[in-house]
Student: 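Dropping a structure here in structure tokens format, bear with me for questions.
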Number of protein chains: 2
Amino acid sequence: MALTTKGRATRQRIIEGAAAYLRSDEPAGVTLDDIRAITGTSKSQIFHYFPDGKEELFLAVARHEAGRVLDDQQPHLGALTSWAAWERWRDSVVARYRAQGRHCPLGTLMGQVGGTPGAQEVIATLLNQWQSHVRKGIAEMQAAGLVREGLDPDRVSAAFIAGVQGGVLVLLNTGSVTHLEAVLDTLLEHLRG
Amino acid sequence: MALTTKGRATRQRIIEGAAAYLRSDEPAGVTLDDIRAITGTSKSQIFHYFPDGKEELFLAVARHEAGRVLDDQQPHLGALTSWAAWERWRDSVVARYRAQGRHCPLGTLMGQVGGTPGAQEVIATLLNQWQSHVRKGIAEMQAAGLVREGLDPDRVSAAFIAGVQGGVLVLLNTGSVTHLEAVLDTLLEHLRG
DNA sequence: ACCACAGTGGACTCGACGGTCCAGAAAACC
DNA sequence: GGTTTTCTGGACCGTCGAGTCCACTGTGGT
């Protein structure tokens, strides 16, 4: 599929429009027709740019959103080299998900193309990158002698990832960020030793 | 709706059949027709016993499954009064979800009746009960002087709940229990001080 | 100017699924 | 035993949403 300038623009408009839509309203369940309406396109355009239809489109949107997840935590996530930096990161995560509230673009997407290999790959990649940032942060703190020696960066970073995911999950269901804060603070306390 | 003995049996058969189906196969997405086929009932029976249709039925199944979640952790979850008991609990949680693998009956149900108040209430109740068991365990360990004094049972139990949820979420996506183990072990280590 | 191909609109098909309806079987109750 | 209510089977309906098709328009190259 050779895309002209106009074509690329339309394709991008579809992805970003869908992403924006997911981030705003939307209780649960997006249809191609929703996206069509939101982005001011026609059926044929969607299938022109995403020949495999729903799955291909949703995966593209999911990748787009997955990128945002990490971007929204920058620059803090990329430089966890001091306790102050860790605190800032903690705050940015809490703020981001508090703002997002009960909506979860990625969650909604996964609800529709969940089981497919492509979807799992998107999530796995996101979690891996996320965890490796945290792991790197722990290792650096360790190298600087700021963290108890006995800690396994692999294990603790995995705990952070699981904790954040769970905190967000609880937020999605209850609307409260206390669990997210609790798990982050508890793990940070444990890091401090 | 006055139910006869036969009626109660049929109603129960529908709920348990649906629950069993969710626990076994099922990639994502259950239909009333699936349940009808599995349980050997007819359309009219389903709407006879669950007049509000899909939502009412799925909520009943969700309540049924939510009960199992806690039951499967007993008797350990109810008596977290020693480190050995905590270890047994940890193992039972890991074992339960390892066995469950990538299926998540409750998750599937939530994917279909997710946003409704009823669904959120089921989840909120489950999380509350779960957390209060853990909180009680922490308080008892504290009272027995087995845990560092400074800990806030509320906060740490919240962290445990978030951690387990997140660990399971990662398991669902990646198929690996390492995150669940990591977060449980890290939090236990933190409890030990 | 022409032509080939990308881009666009929108009507249409087709299947899936939730929900309705009614007629008949089986209990329960007197 | 007869009547009333519950239980059951399954045909039927309406809607919604993914994906197809084709006719038309714009664009870029020569």
Student: Does anything in residues 118-151 of chain B form a ring pair (Phe, Tyr, Trp, His ring centres under 6.0 Å)? List the pairs, not counting sequence neighbours.
Tutor: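 Every pair satisfying ring pair (Phe, Tyr, Trp, His ring centres under 6.0 Å) with a residue in residues 118-151 of chain B: there are none.
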Student: Would you list the atom pairs, donor with acceptor, under 3.5 Å between side chains in residues 13-20 of chain B and any protein atom, with sequence neighbours excluded?
Tutor:
from	atom 1	to	atom 2	distance (Å)
B/Arg13	NE	B/Thr39	O	3.1
B/Arg13	NH2	B/Thr39	O	3.4
B/Arg13	NH2	B/Gly40	O	3.4
B/Glu16	OE2	B/Gln12	NE2	3.2

Student: Between atom CD in A/Gln12 and atom P in C/dG7, what is the gap in whole Å?
Tutor: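 Answer to the nearest Å: 14 Å.
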Student: Verify the contact: side-chain N or O of A/Ser42 to OP1 or OP2 of C/dT8, cut-off strictly under 4.0 Å; return yes or no.
Tutor: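 Result: no.
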Student: Can you tabulate the close N/O pairs, meaning under 3.5 Å, that link protein atoms to atoms of nucleotides 17-20 of chain C?
Tutor:
from	atom 1	to	atom 2	distance (Å)
C/dG18	OP2	B/Leu32	N	3.0
C/dG19	OP2	B/Lys54	N	2.9
C/dG19	N7	B/Lys43	NZ	2.9
C/dG19	O6	B/Lys43	NZ	2.7

Student: What pairs meet the side-chain hydrogen bond (donor to acceptor under 3.5 Å, both in side chains) rule with one or both residues in residues 59-70 of chain A, with sequence neighbours excluded?
Tutor: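 Only A/Arg23-A/Glu65 qualify under side-chain hydrogen bond (donor to acceptor under 3.5 Å, both in side chains).
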Student: Between C/dC22 atom P and B/His48 atom NE2, what is the distance in whole Å?
Tutor: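 After rounding, the gap between these two atoms is 17 Å.
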Student: Applying salt bridge (charged side-chain N to carboxylate O under 4.0 Å, His left out), name anything that partners B/Arg96, two or more places apart in sequence or on another chain.
Tutor: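 B/Arg96 satisfies salt bridge (charged side-chain N to carboxylate O under 4.0 Å, His left out) with B/Asp72 once adjacent residues are dropped.
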Student: Side chains of residues 159-175 of chain B: which donor-acceptor pairs under 3.5 Å do they make with residues two or more places apart or in other chains?
Tutor:
from	atom 1	to	atom 2	distance (Å)
B/Asn173	ND2	B/Leu169	O	3.3
B/Thr174	OG1	B/Val170	O	2.9
B/Thr174	OG1	B/Ser176	N	3.2

Student: Between A/Glu189 and A/Arg148, does at least one N-O distance fall below 4.0 Å, as a salt bridge requires?
Tutor: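 No, no charged N to carboxylate O under 4.0 Å.
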Student: Quick one: side chains of residues 134-147 of chain A, donor-acceptor pairs under 3.5 Å with protein atoms, not counting sequence neighbours, listed by atom name and distance.
Tutor:
from	atom 1	to	atom 2	distance (Å)
A/Arg135	NE	A/Asp154	OD1	2.8
A/Arg135	NH2	A/Asp154	OD1	3.4
A/Gln142	NE2	A/Glu149	O	3.3
A/Gln142	NE2	A/Leu151	O	2.7

Student: Return the value, rounded to whole Å, for the distance between atom CZ of B/Arg13 and atom P of D/dC7.
Tutor: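 Answer to the nearest Å: 12 Å.
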Student: Can you list the residues that meet the salt bridge (charged side-chain N to carboxylate O under 4.0 Å, His left out) rule with A/Arg88, with sequence neighbours excluded?
Tutor: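 Once residues adjacent in sequence are excluded, A/Arg88 has no partner under the salt bridge (charged side-chain N to carboxylate O under 4.0 Å, His left out) criterion.
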Student: Please report the distance, rounded to the nearest Å, between CZ in B/Arg36 and P in D/dA11.
Tutor: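 Taking CZ of B/Arg36 and P of D/dA11, I get 10 Å after rounding.
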Student: Within the structure, does a side-chain N or O atom of B/Tyr49 lie under 4.0 Å from either OP1 or OP2 of D/dT8?
Tutor: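 Checking B/Tyr49 against D/dT8: at least one side-chain N or O falls below 4.0 Å of OP1 or OP2.
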Student: Show me the protein contacts with nucleotides 27-29 of chain C, counting only N or O atoms at under 3.5 Å.
Tutor:
none

Student: Should the pair B/Trp83 and B/Trp86 be assigned to parallel (<30°), tilted (30 to 60°) or perpendicular (>60°) ring geometry?
Tutor: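 Taking B/Trp86 first and then B/Trp83, their aromatic rings sit tilted (interplane angle of 30° to 60°).
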Student: What is the distance, rounded to the nearest whole Å, between atom CZ of A/Phe50 and atom P of D/dT20?
Tutor: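 Result: 16 Å.
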Student: Between P on D/dT25 and CD on A/Gln45, what's the gap in Å once rounded to a whole number?
Tutor: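 The answer, rounded to whole Å, is 16 Å.
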